[in-house]
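A quick write-up on the structure given underneath.
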Amino acid sequence: MTNKSSENFAFPDTLWRRKVRTRILNWYRRNARDLPWRNNLHPYRSWVSEIMLQQTQVATVIDYFNRFIKRFPDVVSLANAEQQEVLRYWEGLGYYRRARQLHLAAQVVRDQHDGEFPTDFESVLALPGVGRYTAGAILSISRNQRLPIVEANTNRLFARLLLHDEDVMSSSSQKRFWAFAEWILPRKHISDFNQALMEVGALVCTPQKPDCKGCPLKSICPTELQQCWERIPKPKKKTKYENLFEVAVVLRDPKSKFVLIRQCEAGERWEGLWDFPRFECSVKKPKQPTRHELSRISSKLNQLTDCSATQLNWLTQIKHGVTKSRIALNCFQADVPRRKRKLKENLKWVHPDDLNNIPLSVTGRKLAKSIS
DNA sequence: AAGACGGGGAA
DNA sequence: TTCCCAGTCTT
């Protein structure tokens, strides 16, 4: 192997590199946050934390991580759990595919790696839900293996350090950053160094108003010199949102008080999670829906559940954003004359108290709380 | 190369 | 409101 990919790019000299390494490491030793996954470094814990941290901020993850590790302290306990329980522990974190793949990967480790989390890069990378970043992060952080990482924080830090003004997510930018991450990586203290890169990105080299005065790399960072952090990294074009109007119905059996819930299927959002029957439908004045609107709701409800409702009472409106949609969800309650004998696979009647043990979409949880 | 996936926190 | 987040996987 004579062609290291970093040789295809022009980076500063090795003196500059040494400064970056020592300054970043020294800064980290004084400024590292005390985060739960930094105690008791172990590949399993590191893996769980890395999956949770994908596209999710540190502050959000902390409580989820602690609860999750308490319930699933090792990879085999996770593998042996029901997927529904794993999803329940994930509820509210979003990107639920992560939880399904985490669970699946735990079973792969149990069945193909003797229940021991693998420590070679190829095996880790082969696990579902693990890409180049996550595999490198797990093994570098928990085992000090010499593997580079590139993620949101380092994208920003590298772009500024290299005065890189292209879109950081383009494939050419990513190639350059991976090469740089490899080039800048020291021989020793890999775990601290990789965490330090992210920590500087998170605490100092922030998207808005970075703290260049407190930065360990000030005076060797061209972006600090030129005071051009607003231009680098290149701002992305803003996403436009689409307004959606939906209706959810709490169907209730008045005798037993049971309510009907529906499991989201593959191809839908929230696959594997449960929700109240729900569909797209706009209602102008939800408190006084027109006859026409009511009949549309009934018809769609019947289509989804084979149940017919006697009278629809408006409960509340819940607003929430999902990816690029902004949804206004009008919630109704209705009693059913009598329960159907045969239900579709993905429907079930449950007592409201039992909803506590069932993974629901966040809006489903809000609605469940409002009726209990 | 682009789009989907989710929700919370901060400005 | 909009932006951003310890990315991965599928078209």
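Order of the sequence lines sets the chain letters (A, B, ...), proteins ahead of strands, with each chain counted from 1.
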State, without any angle test, whether [X] and [Y] hold a side-chain donor-acceptor pair at a distance under 3.5 Å.
{"X": "A:R38", "Y": "A:Q195", "result": "yes"}
{"X": "A:S49", "Y": "A:S46", "result": "no"}
{"X": "A:E199", "Y": "A:W27", "result": "no"}
{"X": "A:D120", "Y": "A:S123", "result": "yes"}
{"X": "A:S256", "Y": "A:D253", "result": "yes"}

Base, sugar-phosphate or nothing for [X]? Non-hydrogen atoms, less than 4.0 Å.
{"X": "A:A152", "answer": "sugar-phosphate"}
{"X": "A:T134", "answer": "sugar-phosphate"}
{"X": "A:W37", "answer": "base"}
{"X": "A:P128", "answer": "sugar-phosphate"}
{"X": "A:V61", "answer": "nothing"}

Rounded to the nearest angstrom, tell me the gap between atom [atom1] in [X] and atom [atom2] in [N].
{"X": "A:L93", "N": "C:dC5", "atom1": "CG", "atom2": "C1'", "value": "12 Å"}
{"X": "A:N153", "N": "C:dG7", "atom1": "CG", "atom2": "C1'", "value": "13 Å"}
{"X": "A:N194", "N": "C:dG7", "atom1": "CG", "atom2": "C1'", "value": "16 Å"}
{"X": "A:Y95", "N": "C:dC4", "atom1": "OH", "atom2": "P", "value": "14 Å"}
{"X": "A:K237", "N": "C:dT2", "atom1": "NZ", "atom2": "P", "value": "17 Å"}
{"X": "A:L102", "N": "C:dC9", "atom1": "CG", "atom2": "P", "value": "12 Å"}
{"X": "A:Y133", "N": "C:dC5", "atom1": "OH", "atom2": "P", "value": "13 Å"}
{"X": "A:I138", "N": "C:dG7", "atom1": "CD1", "atom2": "P", "value": "13 Å"}

Between A:S49 and A:Q101, whichever has its closest DNA chain C nucleotide further toward 5' is A:S49
Both A:L125 and A:Q57 contact DNA chain C. Taking the nearest nucleotide for each, which residue is further toward the 5' end? A:Q57
Comparing A:H320 with A:S171, nearest DNA chain B nucleotide closer to 5' gives the residue A:S171
Closest nucleotide of DNA chain B for A:S170 versus for A:G321: which of these residues is on the 5' side? A:S170
State, to 0.1 Å, how close A:M52 and A:W90 come at their nearest heavy-atom pair, and which atoms those are. CG-CH2, 3.5 Å
Mind checking the [atom1] distance from [N] to [M]? Whole angstroms is fine.
{"N": "C:dA6", "M": "B:dG3", "atom1": "P", "answer": "23 Å"}
{"N": "B:dG8", "M": "C:dC9", "atom1": "C1'", "answer": "23 Å"}
{"N": "B:dC5", "M": "C:dC4", "atom1": "C1'", "answer": "16 Å"}
{"N": "C:dT8", "M": "B:dG9", "atom1": "P", "answer": "24 Å"}

Would you call the rings of A:W183 and A:F180 parallel, tilted or perpendicular, where under 30° means parallel and over 60° means perpendicular? tilted
So A:F65 and A:W37, would you call those rings parallel, tilted or perpendicular, with 30° and 60° as cut-offs? perpendicular
Quick test of your reading: applying ring-ring contact (aromatic ring centres under 6.0 Å, His included), list the pairs with at least one residue in residues 103-136 of chain A, sequence neighbours left out, ordered by first then second residue. A:W47-A:F117
Can you list, by residue number, the residues of residues 261-278 of chain A that have a non-hydrogen atom closer than 4.0 angstrom to DNA chain C? none
Would you please confirm or rule out a distance under 4.0 Å between OP1 or OP2 of C:dT1 and any side-chain N or O of A:R326? yes
Would you say A:R156 reaches C:dC5's phosphate, i.e. side-chain N/O to OP1/OP2 under 4.0 Å? yes
Selection from C:dC4, C:dG7, C:dA6 that lies nearest to any side-chain heavy atom of A:R38: C:dA6
Hey, what do you get for CD1 (A:I138) to OG1 (A:T119), rounding to the nearest 0.5 Å? 11.5 Å
So does A:R146 pair up with A:E182, basic N to acidic O under 4.0 Å? no
First-last contacting nucleotides on DNA chain B - partner chain A, under 4.0 angstrom, heavy atom: B:dA1 to B:dG9
